[in-house]
Amino acid sequence: MTFRSTILITGGAGFIGSHVVRFFVNKYPDYRIVNLDALTYAGNLENLRDIENKANYVFVRADISVEKEVFDVFEKHKPDGIIHLAAESHVDRSISNPTEFIYTNIIGTVNLLNAARMLWKDQPGGKRFYHISTDEVYGSLGDTGIFTETTPYDPKSPYSASKASSDHLVRAYHHTFGLPVVISNCSNNYGPNQFPEKLLPLFIHNIRQNKPLPVYGKGENVRDWLYVVDHARAIDLIYHRGKDGETYNIGGNNEWKNIDLIRLLCKLMNEKLRRHPGTSEKLITYVKDRAGHDLRYAIDSSKLQNELGWSPSVTFEEGLSLTIDWYLANQNWLDHVTSGDYQKYYENQYLKR
Ligand code: NAD
Ligand code: DAU
(Lines give C-alpha, C1' and ligand atoms only; values in the text may rest on other atoms or scores of the structure.)
(Ligands and ions follow the chains in the order given, each with its own letter.)
Protein backbone atom coordinates (compact mmCIF):
# COMPACT_ATOMS: atom_id res chain seq x y z
CA MET A 1 0.00 0.00 0.00
CA THR A 2 1.30 3.48 -0.81
CA PHE A 3 0.74 6.32 1.59
CA ARG A 4 0.31 10.02 0.85
CA SER A 5 2.59 11.02 3.70
CA THR A 6 4.63 9.57 6.58
CA ILE A 7 4.35 11.24 9.97
CA LEU A 8 6.72 10.40 12.79
CA ILE A 9 5.04 10.88 16.18
CA THR A 10 7.46 10.75 19.11
CA GLY A 11 6.25 9.74 22.57
CA GLY A 12 3.21 8.03 21.06
CA ALA A 13 2.99 5.41 23.81
CA GLY A 14 2.56 8.07 26.50
CA PHE A 15 -0.55 9.86 27.70
CA ILE A 16 -1.11 12.63 25.14
CA GLY A 17 0.94 10.90 22.44
CA SER A 18 -1.31 7.83 22.44
CA HIS A 19 -4.39 10.00 21.91
CA VAL A 20 -2.64 11.84 19.07
CA VAL A 21 -1.52 8.58 17.42
CA ARG A 22 -5.05 7.13 17.64
CA PHE A 23 -6.56 10.35 16.28
CA PHE A 24 -4.23 10.45 13.25
CA VAL A 25 -4.31 6.69 12.51
CA ASN A 26 -8.13 6.68 12.46
CA LYS A 27 -8.68 10.02 10.71
CA TYR A 28 -5.99 9.65 8.03
CA PRO A 29 -5.83 6.09 6.64
CA ASP A 30 -3.68 7.44 3.78
CA TYR A 31 -0.98 8.66 6.20
CA ARG A 32 1.58 6.22 7.55
CA ILE A 33 1.97 6.92 11.27
CA VAL A 34 5.31 5.88 12.76
CA ASN A 35 5.24 5.93 16.56
CA LEU A 36 8.75 6.34 18.00
CA ASP A 37 8.93 5.73 21.74
CA ALA A 38 11.58 4.50 24.19
CA LEU A 39 8.91 2.93 26.44
CA THR A 40 10.14 4.53 29.66
CA TYR A 41 8.06 4.06 32.82
CA ALA A 42 5.52 6.47 31.21
CA GLY A 43 5.21 4.70 27.86
CA ASN A 44 2.70 1.88 27.59
CA LEU A 45 1.74 0.16 24.34
CA GLU A 46 -1.46 -1.08 26.01
CA ASN A 47 -2.69 2.47 25.38
CA LEU A 48 -2.80 1.66 21.65
CA ARG A 49 -4.21 -1.90 21.57
CA ASP A 50 -7.25 -0.78 19.57
CA ILE A 51 -5.17 0.51 16.63
CA GLU A 52 -1.94 -1.54 16.79
CA ASN A 53 -2.93 -3.82 13.88
CA LYS A 54 -4.02 -1.06 11.50
CA ALA A 55 -2.24 -1.03 8.13
CA ASN A 56 -1.12 2.60 8.50
CA TYR A 57 0.50 2.20 11.96
CA VAL A 58 4.10 1.25 12.80
CA PHE A 59 5.80 1.21 16.21
CA VAL A 60 9.55 1.71 16.60
CA ARG A 61 11.32 1.50 19.93
CA ALA A 62 14.09 4.11 20.04
CA ASP A 63 15.59 6.62 22.43
CA ILE A 64 15.63 10.19 21.11
CA SER A 65 18.59 11.10 23.31
CA VAL A 66 20.77 8.66 21.31
CA GLU A 67 21.68 10.34 18.00
CA LYS A 68 22.30 7.11 16.07
CA GLU A 69 18.92 5.66 17.03
CA VAL A 70 17.18 8.81 15.77
CA PHE A 71 19.15 8.93 12.51
CA ASP A 72 18.45 5.23 11.86
CA VAL A 73 14.70 5.80 12.20
CA PHE A 74 14.84 8.79 9.82
CA GLU A 75 16.93 6.82 7.33
CA LYS A 76 14.50 3.91 7.35
CA HIS A 77 11.13 5.71 7.48
CA LYS A 78 11.92 9.07 5.80
CA PRO A 79 9.16 11.07 7.51
CA ASP A 80 7.53 14.05 5.78
CA GLY A 81 6.36 15.41 9.11
CA ILE A 82 7.25 15.11 12.78
CA ILE A 83 4.97 15.63 15.75
CA HIS A 84 7.33 15.65 18.71
CA LEU A 85 5.81 14.77 22.08
CA ALA A 86 8.44 12.49 23.64
CA ALA A 87 9.62 14.02 26.89
CA GLU A 88 10.18 13.52 30.55
CA SER A 89 7.01 15.25 31.67
CA HIS A 90 6.59 15.14 35.46
CA VAL A 91 7.66 18.22 37.45
CA ASP A 92 8.29 16.30 40.70
CA ARG A 93 10.63 13.87 38.94
CA SER A 94 12.53 16.84 37.45
CA ILE A 95 13.10 18.10 40.99
CA SER A 96 14.45 14.76 42.23
CA ASN A 97 16.43 13.94 39.04
CA PRO A 98 16.91 16.88 36.62
CA THR A 99 19.57 15.25 34.41
CA GLU A 100 17.21 12.83 32.66
CA PHE A 101 15.18 15.87 31.56
CA ILE A 102 18.20 17.43 29.92
CA TYR A 103 19.02 14.30 27.93
CA THR A 104 15.52 13.63 26.65
CA ASN A 105 13.93 17.07 26.44
CA ILE A 106 16.93 19.06 25.18
CA ILE A 107 19.41 16.67 23.55
CA GLY A 108 16.58 14.47 22.26
CA THR A 109 14.95 17.47 20.56
CA VAL A 110 18.26 18.56 19.01
CA ASN A 111 18.82 15.04 17.64
CA LEU A 112 15.40 15.17 15.97
CA LEU A 113 16.03 18.69 14.60
CA ASN A 114 19.38 17.59 13.14
CA ALA A 115 17.89 14.46 11.58
CA ALA A 116 15.03 16.46 10.01
CA ARG A 117 17.44 19.07 8.71
CA MET A 118 19.63 16.42 7.08
CA LEU A 119 16.71 14.49 5.59
CA TRP A 120 14.89 17.53 4.22
CA LYS A 121 17.88 19.59 3.06
CA ASP A 122 17.21 19.05 -0.64
CA GLN A 123 13.38 19.01 -0.50
CA PRO A 124 12.13 21.25 2.31
CA GLY A 125 8.73 21.88 0.61
CA GLY A 126 5.67 20.38 2.29
CA LYS A 127 7.63 19.28 5.35
CA ARG A 128 6.80 20.15 8.97
CA PHE A 129 8.49 19.81 12.38
CA TYR A 130 5.81 20.29 15.02
CA HIS A 131 7.12 20.65 18.58
CA ILE A 132 4.64 20.08 21.44
CA SER A 133 5.36 22.25 24.46
CA THR A 134 3.80 23.45 27.68
CA ASP A 135 2.42 26.62 29.25
CA GLU A 136 4.92 26.12 32.09
CA VAL A 137 7.66 27.78 29.98
CA TYR A 138 5.99 31.13 30.70
CA GLY A 139 6.55 30.77 34.45
CA SER A 140 3.97 31.50 37.11
CA LEU A 141 1.13 34.05 37.27
CA GLY A 142 -0.17 35.90 40.32
CA ASP A 143 -3.88 36.21 40.97
CA THR A 144 -4.43 38.02 37.65
CA GLY A 145 -3.00 37.89 34.12
CA ILE A 146 -2.91 35.33 31.34
CA PHE A 147 -0.20 33.77 29.15
CA THR A 148 -0.22 34.84 25.49
CA GLU A 149 2.14 33.73 22.73
CA THR A 150 4.30 36.82 23.40
CA THR A 151 4.64 36.38 27.17
CA PRO A 152 8.40 36.26 27.93
CA TYR A 153 9.73 32.87 28.94
CA ASP A 154 10.41 32.49 32.68
CA PRO A 155 10.57 28.76 33.47
CA LYS A 156 10.90 27.87 37.15
CA SER A 157 11.37 24.08 37.39
CA PRO A 158 14.01 21.85 35.78
CA TYR A 159 11.16 20.37 33.69
CA SER A 160 9.91 23.71 32.39
CA ALA A 161 13.48 25.00 31.89
CA SER A 162 14.24 21.93 29.74
CA LYS A 163 11.05 22.46 27.72
CA ALA A 164 11.86 26.19 27.32
CA SER A 165 15.33 25.27 26.10
CA SER A 166 13.88 22.89 23.52
CA ASP A 167 11.40 25.55 22.33
CA HIS A 168 14.27 28.04 21.84
CA LEU A 169 16.25 25.47 19.87
CA VAL A 170 13.28 24.68 17.60
CA ARG A 171 12.85 28.42 16.87
CA ALA A 172 16.61 28.81 16.34
CA TYR A 173 16.58 26.02 13.71
CA HIS A 174 13.77 27.85 11.92
CA HIS A 175 15.56 31.20 12.05
CA THR A 176 19.05 29.91 11.25
CA PHE A 177 18.43 26.99 8.92
CA GLY A 178 14.92 27.70 7.62
CA LEU A 179 13.56 24.45 9.10
CA PRO A 180 9.74 24.48 8.70
CA VAL A 181 8.68 24.39 12.35
CA VAL A 182 5.57 25.13 14.36
CA ILE A 183 5.18 25.08 18.18
CA SER A 184 2.22 24.87 20.54
CA ASN A 185 2.13 25.45 24.29
CA CYS A 186 -0.70 23.74 26.11
CA SER A 187 -2.15 23.84 29.62
CA ASN A 188 -2.79 20.84 31.93
CA ASN A 189 -4.34 17.86 30.14
CA TYR A 190 -6.56 15.26 31.78
CA GLY A 191 -8.28 12.12 30.50
CA PRO A 192 -7.81 8.35 30.06
CA ASN A 193 -4.31 6.78 30.02
CA GLN A 194 -2.55 9.44 32.12
CA PHE A 195 0.14 7.96 34.31
CA PRO A 196 -1.01 7.98 37.96
CA GLU A 197 1.78 10.24 39.17
CA LYS A 198 -0.17 13.28 37.91
CA LEU A 199 -2.84 14.85 40.10
CA LEU A 200 -6.13 13.51 38.70
CA PRO A 201 -5.29 9.85 37.99
CA LEU A 202 -3.31 9.62 41.24
CA PHE A 203 -6.20 10.95 43.30
CA ILE A 204 -8.80 8.78 41.52
CA HIS A 205 -6.60 5.75 42.20
CA ASN A 206 -6.08 6.70 45.86
CA ILE A 207 -9.75 7.43 46.52
CA ARG A 208 -10.69 4.06 45.14
CA GLN A 209 -8.16 2.41 47.43
CA ASN A 210 -9.00 4.61 50.45
CA LYS A 211 -5.45 5.98 50.50
CA PRO A 212 -4.53 9.57 51.56
CA LEU A 213 -4.80 12.38 48.97
CA PRO A 214 -1.51 14.31 49.28
CA VAL A 215 -2.37 17.98 48.64
CA TYR A 216 0.79 20.07 48.21
CA GLY A 217 0.94 23.18 50.43
CA LYS A 218 -2.49 24.68 51.00
CA GLY A 219 -3.96 23.48 47.70
CA GLU A 220 -4.19 27.07 46.47
CA ASN A 221 -2.31 26.63 43.19
CA VAL A 222 -4.37 27.11 40.06
CA ARG A 223 -4.24 25.08 36.84
CA ASP A 224 -6.18 25.41 33.54
CA TRP A 225 -7.53 21.96 32.59
CA LEU A 226 -8.15 20.65 29.05
CA TYR A 227 -9.55 17.26 27.98
CA VAL A 228 -6.78 15.38 26.17
CA VAL A 229 -8.81 14.64 23.02
CA ASP A 230 -9.34 18.39 22.57
CA HIS A 231 -5.54 18.78 22.68
CA ALA A 232 -5.26 16.08 19.97
CA ARG A 233 -7.84 17.98 17.85
CA ALA A 234 -5.82 21.18 18.23
CA ILE A 235 -2.63 19.34 17.23
CA ASP A 236 -4.36 18.07 14.09
CA LEU A 237 -5.39 21.61 13.12
CA ILE A 238 -2.00 23.17 13.87
CA TYR A 239 -0.10 20.38 12.09
CA HIS A 240 -2.15 20.93 8.93
CA ARG A 241 -2.97 24.64 9.00
CA GLY A 242 -0.59 26.39 11.41
CA LYS A 243 1.88 28.82 9.85
CA ASP A 244 5.61 28.04 9.69
CA GLY A 245 7.57 29.67 12.50
CA GLU A 246 4.44 30.43 14.54
CA THR A 247 3.47 29.55 18.10
CA TYR A 248 -0.08 28.68 19.22
CA ASN A 249 -1.31 28.54 22.82
CA ILE A 250 -3.84 25.82 23.66
CA GLY A 251 -5.94 25.92 26.84
CA GLY A 252 -9.30 25.04 28.29
CA ASN A 253 -10.23 28.48 29.66
CA ASN A 254 -11.01 26.35 32.70
CA GLU A 255 -9.09 27.44 35.79
CA TRP A 256 -9.41 25.50 39.02
CA LYS A 257 -7.78 26.00 42.39
CA ASN A 258 -6.35 22.55 43.29
CA ILE A 259 -8.36 22.18 46.49
CA ASP A 260 -11.63 23.09 44.74
CA LEU A 261 -10.92 20.56 42.00
CA ILE A 262 -10.03 17.90 44.57
CA ARG A 263 -13.29 18.53 46.47
CA LEU A 264 -15.27 18.24 43.22
CA LEU A 265 -13.45 14.99 42.41
CA CYS A 266 -14.21 13.64 45.91
CA LYS A 267 -17.92 14.47 45.47
CA LEU A 268 -18.11 12.74 42.05
CA MET A 269 -16.19 9.72 43.34
CA ASN A 270 -18.55 9.38 46.33
CA GLU A 271 -21.47 9.33 43.89
CA LYS A 272 -19.87 6.88 41.44
CA LEU A 273 -18.63 4.52 44.17
CA ARG A 274 -21.93 4.87 46.10
CA ARG A 275 -20.15 6.11 49.17
CA HIS A 276 -21.72 8.48 51.72
CA PRO A 277 -21.24 12.21 51.02
CA GLY A 278 -18.03 13.38 52.71
CA THR A 279 -16.31 9.95 52.68
CA SER A 280 -13.56 10.68 50.12
CA GLU A 281 -13.02 14.21 51.49
CA LYS A 282 -11.72 12.63 54.72
CA LEU A 283 -8.71 11.34 52.73
CA ILE A 284 -7.48 14.89 51.98
CA THR A 285 -4.04 15.27 53.62
CA TYR A 286 -2.01 18.46 53.37
CA VAL A 287 1.68 17.65 52.76
CA LYS A 288 4.90 19.63 52.27
CA ASP A 289 4.68 21.88 49.22
CA ARG A 290 6.43 21.13 45.92
CA ALA A 291 9.76 23.04 45.80
CA GLY A 292 9.35 26.21 43.70
CA HIS A 293 5.67 25.37 43.12
CA ASP A 294 4.23 27.64 40.38
CA LEU A 295 1.17 29.41 41.77
CA ARG A 296 -1.05 29.82 38.73
CA TYR A 297 -1.19 29.07 35.00
CA ALA A 298 -3.83 30.48 32.64
CA ILE A 299 -3.70 30.34 28.86
CA ASP A 300 -5.13 32.72 26.27
CA SER A 301 -5.91 30.49 23.27
CA SER A 302 -7.70 33.18 21.23
CA LYS A 303 -5.09 33.07 18.43
CA LEU A 304 -5.84 29.38 17.83
CA GLN A 305 -9.58 29.96 18.15
CA ASN A 306 -9.64 32.99 15.80
CA GLU A 307 -7.10 31.86 13.18
CA LEU A 308 -7.77 28.12 13.01
CA GLY A 309 -11.32 27.89 14.39
CA TRP A 310 -10.50 25.55 17.30
CA SER A 311 -12.52 25.39 20.51
CA PRO A 312 -12.83 22.67 23.17
CA SER A 313 -15.54 20.12 22.31
CA VAL A 314 -15.98 18.61 25.76
CA THR A 315 -17.20 20.54 28.83
CA PHE A 316 -15.28 20.04 32.06
CA GLU A 317 -18.25 18.25 33.67
CA GLU A 318 -18.42 15.76 30.77
CA GLY A 319 -14.65 15.33 30.56
CA LEU A 320 -14.17 14.74 34.28
CA SER A 321 -17.03 12.26 34.42
CA LEU A 322 -15.70 10.36 31.36
CA THR A 323 -12.23 10.34 32.89
CA ILE A 324 -13.35 8.94 36.26
CA ASP A 325 -15.47 6.29 34.50
CA TRP A 326 -12.50 5.26 32.38
CA TYR A 327 -10.18 4.75 35.38
CA LEU A 328 -12.86 2.88 37.31
CA ALA A 329 -13.48 0.59 34.33
CA ASN A 330 -9.76 0.03 33.64
CA GLN A 331 -8.36 -1.18 36.93
CA ASN A 332 -6.15 -3.63 35.00
CA TRP A 333 -4.42 -0.77 33.23
CA LEU A 334 -3.78 0.94 36.57
CA ASP A 335 -2.50 -2.29 38.14
CA HIS A 336 -0.05 -2.80 35.31
CA VAL A 337 1.38 0.69 35.39
CA THR A 338 1.53 0.92 39.19
CA SER A 339 3.64 -2.17 39.69
CA GLY A 340 7.43 -2.44 39.75
CA ASP A 341 9.48 0.68 39.28
CA TYR A 342 6.58 3.02 39.72
CA GLN A 343 5.94 1.65 43.19
CA LYS A 344 9.53 2.53 44.17
CA TYR A 345 9.13 6.06 42.82
CA TYR A 346 5.84 6.42 44.68
CA GLU A 347 7.45 5.41 47.96
CA ASN A 348 10.31 7.89 47.52
CA GLN A 349 8.01 10.71 46.49
CA TYR A 350 5.28 10.32 49.09
CA LEU A 351 6.17 7.98 51.89
CA LYS A 352 9.29 10.00 52.81
CA ARG A 353 7.50 13.36 52.95
P1 NAD B 1 4.08 11.20 29.24
O2 NAD B 1 5.12 11.27 30.31
O3 NAD B 1 2.76 10.56 29.55
O4 NAD B 1 4.66 10.44 27.96
C5 NAD B 1 5.94 10.70 27.46
C6 NAD B 1 6.27 9.63 26.43
O7 NAD B 1 7.59 9.91 25.92
C8 NAD B 1 6.31 8.20 27.00
O9 NAD B 1 5.66 7.31 26.12
C10 NAD B 1 7.79 7.88 27.07
O11 NAD B 1 8.09 6.50 26.93
C12 NAD B 1 8.35 8.70 25.92
N13 NAD B 1 9.76 9.05 26.12
C14 NAD B 1 10.33 9.59 27.23
N15 NAD B 1 11.66 9.71 27.05
C16 NAD B 1 11.92 9.27 25.79
C17 NAD B 1 13.11 9.15 25.02
N18 NAD B 1 14.31 9.52 25.51
N19 NAD B 1 13.01 8.68 23.76
C20 NAD B 1 11.81 8.30 23.24
N21 NAD B 1 10.66 8.35 23.94
C22 NAD B 1 10.71 8.84 25.20
O23 NAD B 1 3.90 12.69 28.75
P24 NAD B 1 2.57 13.49 28.33
O25 NAD B 1 1.92 14.03 29.54
O26 NAD B 1 1.80 12.69 27.38
O27 NAD B 1 3.23 14.73 27.56
C28 NAD B 1 3.57 14.63 26.18
C29 NAD B 1 4.16 15.93 25.71
O30 NAD B 1 3.22 16.98 25.90
C31 NAD B 1 5.42 16.35 26.46
O32 NAD B 1 6.30 16.94 25.54
C33 NAD B 1 4.92 17.39 27.46
O34 NAD B 1 5.93 18.33 27.76
C35 NAD B 1 3.78 18.03 26.69
N36 NAD B 1 2.68 18.59 27.50
C37 NAD B 1 2.06 17.84 28.45
C38 NAD B 1 0.99 18.37 29.15
C39 NAD B 1 0.24 17.57 30.20
O40 NAD B 1 -0.64 18.13 30.86
N41 NAD B 1 0.51 16.31 30.37
C42 NAD B 1 0.56 19.68 28.88
C43 NAD B 1 1.25 20.42 27.90
C44 NAD B 1 2.29 19.86 27.20
O1 DAU C 1 0.69 22.96 32.54
C2 DAU C 1 1.08 21.89 31.73
C3 DAU C 1 1.84 20.87 32.56
O4 DAU C 1 0.87 20.23 33.40
C5 DAU C 1 2.59 19.84 31.72
O6 DAU C 1 3.58 20.49 30.98
C7 DAU C 1 3.22 18.78 32.61
O8 DAU C 1 3.83 17.78 31.82
C9 DAU C 1 2.13 18.15 33.46
O10 DAU C 1 2.71 17.22 34.35
C11 DAU C 1 1.36 19.22 34.24
O12 DAU C 1 2.20 19.80 35.28
P13 DAU C 1 1.63 20.11 36.75
O14 DAU C 1 2.77 20.17 37.67
O15 DAU C 1 0.69 21.25 36.73
O16 DAU C 1 0.74 18.76 36.96
P17 DAU C 1 0.58 17.78 38.22
O18 DAU C 1 -0.53 16.84 37.87
O19 DAU C 1 1.87 17.21 38.67
O20 DAU C 1 0.05 18.75 39.37
C21 DAU C 1 -1.11 19.54 39.22
C22 DAU C 1 -1.24 20.39 40.47
O23 DAU C 1 -1.55 19.54 41.59
C24 DAU C 1 0.03 21.12 40.85
O25 DAU C 1 -0.30 22.39 41.41
C26 DAU C 1 0.66 20.24 41.93
C27 DAU C 1 -0.54 19.64 42.62
N28 DAU C 1 -0.33 18.26 43.16
C29 DAU C 1 0.15 17.32 42.32
C30 DAU C 1 0.37 16.04 42.77
C31 DAU C 1 0.93 14.99 41.84
C32 DAU C 1 -0.68 17.98 44.47
O33 DAU C 1 -1.17 18.85 45.23
N34 DAU C 1 -0.47 16.71 44.93
C35 DAU C 1 0.05 15.73 44.12
O36 DAU C 1 0.23 14.58 44.60
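Each ligand, and each atom within it, is numbered from 1 in the order the structure gives. Just so we're clear, the structure is a prediction, and the values are computed from it rather than from any experiment.
Contact between Glu197 and ligand 2 is present, with at least one heavy atom of the residue lying under 4.0 Å from the ligand.
The shortest N or O to N or O distance between Pro214 and ligand 2 is under 3.5 Å. Considering backbone and side-chain atoms alike, Trp225 places every N or O at 3.5 Å or more from each N or O of ligand 2. Considering both main-chain and side-chain atoms, Arg290 comes within under 3.5 Å of ligand 2 through a nitrogen or oxygen pair. Of the N or O atoms in Asp92, none lie within a sub-3.5 Å distance of an N or O in ligand 2. For Val215, no nitrogen or oxygen atom sits less than 3.5 Å from a nitrogen or oxygen atom of ligand 2, counting backbone and side chain alike. Considering backbone and side-chain atoms together, Glu136 places an N or O closer than 3.5 Å to an N or O of ligand 2. Distances between N or O atoms of Tyr297 and those of ligand 2 include no value under 3.5 Å.
Between the side chain of Asp80 and the backbone N or O of Thr6 there is at least one donor-acceptor pair closer than 3.5 Å.
In Phe101, neither the side chain nor the backbone holds a heavy atom less than 4.0 Å from any atom of ligand 1. Here Leu39 has backbone heavy atoms under 4.0 Å from ligand 1, and that is the only part of it that gets that close. At a heavy-atom cutoff of 4.0 Å, ligand 1 is contacted by no atom of His90, backbone or side chain.
The shortest contact between atom 11 (O) of ligand 1 and any protein heavy atom is with Asp37 OD1, 2.5 Å. At the shortest separation from atom 3 (O) of ligand 1 among protein heavy atoms lies Phe15 N, 3.1 Å. With hydrogens left out, the protein atom closest to atom 40 (O) of ligand 1 is Asn189 N, 2.9 Å, a heavy atom. Counting protein heavy atoms only, atom 23 (O) of ligand 1 is closest to Ser89 OG, 3.2 Å. Scanning the protein for heavy atoms near atom 15 (N) of ligand 1, the closest one is Thr104 CG2, 3.5 Å.
In this model, a donor atom of one side chain and an acceptor atom of the other lie less than 3.5 Å apart for Trp256 and Asn254.
With sequence neighbours excluded, the residues that form a side chain to side chain contact (heavy atoms under 4.5 Å, CB included) with Thr134 are Glu136, Val137, Tyr159, Lys163.
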